[in-house]
Undergrad: 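Dropping a structure here in structure tokens format, bear with me for questions.
Predicted, not measured: the structure shown is a model, and the values here were computed from it.
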Amino acid sequence: MLFFWSVLCIVLLQRISELLLAAKNARWIRASGGYEVGSSHYKYIVVLHITFFVSLILEVMYKRELHSLPSWWMVPFTFFVLAQLMRYWCIASLGRHWNTRILILPGAEPLRLGPYRFLRHPNYWVVAIELLTLPLTFLAFTTAIVFTLLNAWILLRIRIPLETQAVYQRQRS
């Protein structure tokens, strides 16, 4: 259980620091004439992530199987750690343009640096991998399945279409 709580605390601290960075970057983008697109869906993303952590804690506590991890725990946990490395590659590549919101800076071309040269939406892949692998590490199968599917629905039906439309409209202006 100590490993679970240690990992959870590190991930929560990581998320808080990322939200602070996103807020700082948002201030810079807005001060540079940028604006937000699709802000009404953002609350659902926040709720998804908060309930993910609550669900993970409740499922792990309910199972109480974590006195010893499964023999295969390193497989999903390795993918989780690799996703963290990819996340920081995404953040470093976008610099002040990285954000958890859809912020458009008029006149700026989409950045094609780092993982963005190879993948569309690499940060969304990171989140998808995290939502699947962190619960699997700790035998929280229900949390892994439910939140991976909910995240995919929000991304594919709302977030990515909004982002794509905003980028397309910016390029036409």
Undergrad: From the options Phe3, Phe138, Trp72, select the one residue that forms a ring pair (Phe, Tyr, Trp, His ring centres under 6.0 Å) with Phe77.
TA: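 Among the candidates, only Phe3 passes.
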
Undergrad: Below 4.5 Å, heavy atoms only, C-beta onward: do Val75 and Leu136 meet side chain to side chain?
TA: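 Of all side-chain heavy-atom pairs linking Leu136 with Val75, none is under 4.5 Å.
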
Undergrad: For Leu20, what are the other residues in its hydrophobic cluster, where any two members join if their side-chain heavy atoms are less than 4.5 angstrom apart?
TA: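 Its cluster mates, by chain and number, are Ile16.
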
Undergrad: What distance separates Asn151 CG from Tyr44 OH, expressed to the nearest 0.5 Å?
TA: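 Those atoms lie 16.0 Å apart.
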
Undergrad: Could you list all the ring-ring contact (aromatic ring centres under 6.0 Å, His included) pairs where at least one residue sits in residues 101-126, not counting sequence neighbours?
TA: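 Listed by first then second residue: His121-Tyr124.
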
Undergrad: Can you list, by chain and residue number, the hydrophobic cluster partners of Ile145 when the side-chain cut-off is 4.5 Å?
TA: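 When side chains under 4.5 Å apart are linked, the cluster holding Ile145 also contains Leu149.
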
Undergrad: Rounded to the nearest 0.5 Å, how far apart are CG of Leu132 and CZ of Phe147?
TA: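 If I round to the nearest 0.5 Å, the distance is 13.5 Å.
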
Undergrad: What pairs of residues pass the salt bridge (Lys or Arg N to Asp or Glu O under 4.0 Å) test when at least one of them lies in residues 118-137, not counting sequence neighbours?
TA: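 Only Arg15-Glu130, Arg87-Glu130 qualify under salt bridge (Lys or Arg N to Asp or Glu O under 4.0 Å).
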
Undergrad: Tell me the salt bridge (Lys or Arg N to Asp or Glu O under 4.0 Å) pairs involving residues 35-46, sequence neighbours left out?
TA: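 Pairs touching residues 35-46 that pass the test: Arg30-Glu36, Glu36-Arg101.
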
Undergrad: Are any non-hydrogen side-chain atoms of Gln165 and Val37 less than 4.5 angstrom apart?
TA: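 Sidechains of Val37 and Gln165: no contact.
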
Undergrad: Same cluster for Val46 and Trp98 if Ile/Leu/Val/Met/Phe/Trp/Tyr side chains link at under 4.5 Å?
TA: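 No.
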
Undergrad: Could you give the distance from CZ (Phe52) to OG1 (Thr143), rounded to the nearest 0.5 Å?
TA: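 Rounded to the nearest 0.5 Å, the CZ-OG1 separation comes to 7.0 Å.
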
Undergrad: For the atom pair OG1 (Thr137) and CG (Leu69), what is the distance rounded to the nearest 0.5 Å?
TA: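 Output value for this atom pair is 8.5 Å.
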
Undergrad: What's the separation between atom CD1 in Ile10 and atom CD in Gln84, rounded to the nearest 0.5 Å?
TA: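 Spacing of CD1 (Ile10) from CD (Gln84) equals 10.5 Å.
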
Undergrad: Within the 4.5 Å heavy-atom criterion, are His97 and Trp28 side-chain neighbours or not?
TA: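 His97 vs Trp28: side chains touch.
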
Undergrad: So, using ring-ring contact (aromatic ring centres under 6.0 Å, His included) as the criterion, who are the partners of Tyr88 when residues are at least two apart?
TA: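 For Tyr88 there are no ring-ring contact (aromatic ring centres under 6.0 Å, His included) partners, ignoring immediate neighbours.
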
Undergrad: With rounding to the nearest 0.5 Å, note down the distance linking CG in Asn123 to CG in Leu155.
TA: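 Between atom CG of Asn123 and atom CG of Leu155 there are 10.0 Å.
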
Undergrad: Are more than 12 heavy atoms from other residues, nucleotides or ligands located less than 6.0 Å from atom OH of Tyr42?
TA: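 More than 12 within 6.0 Å, yes.
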
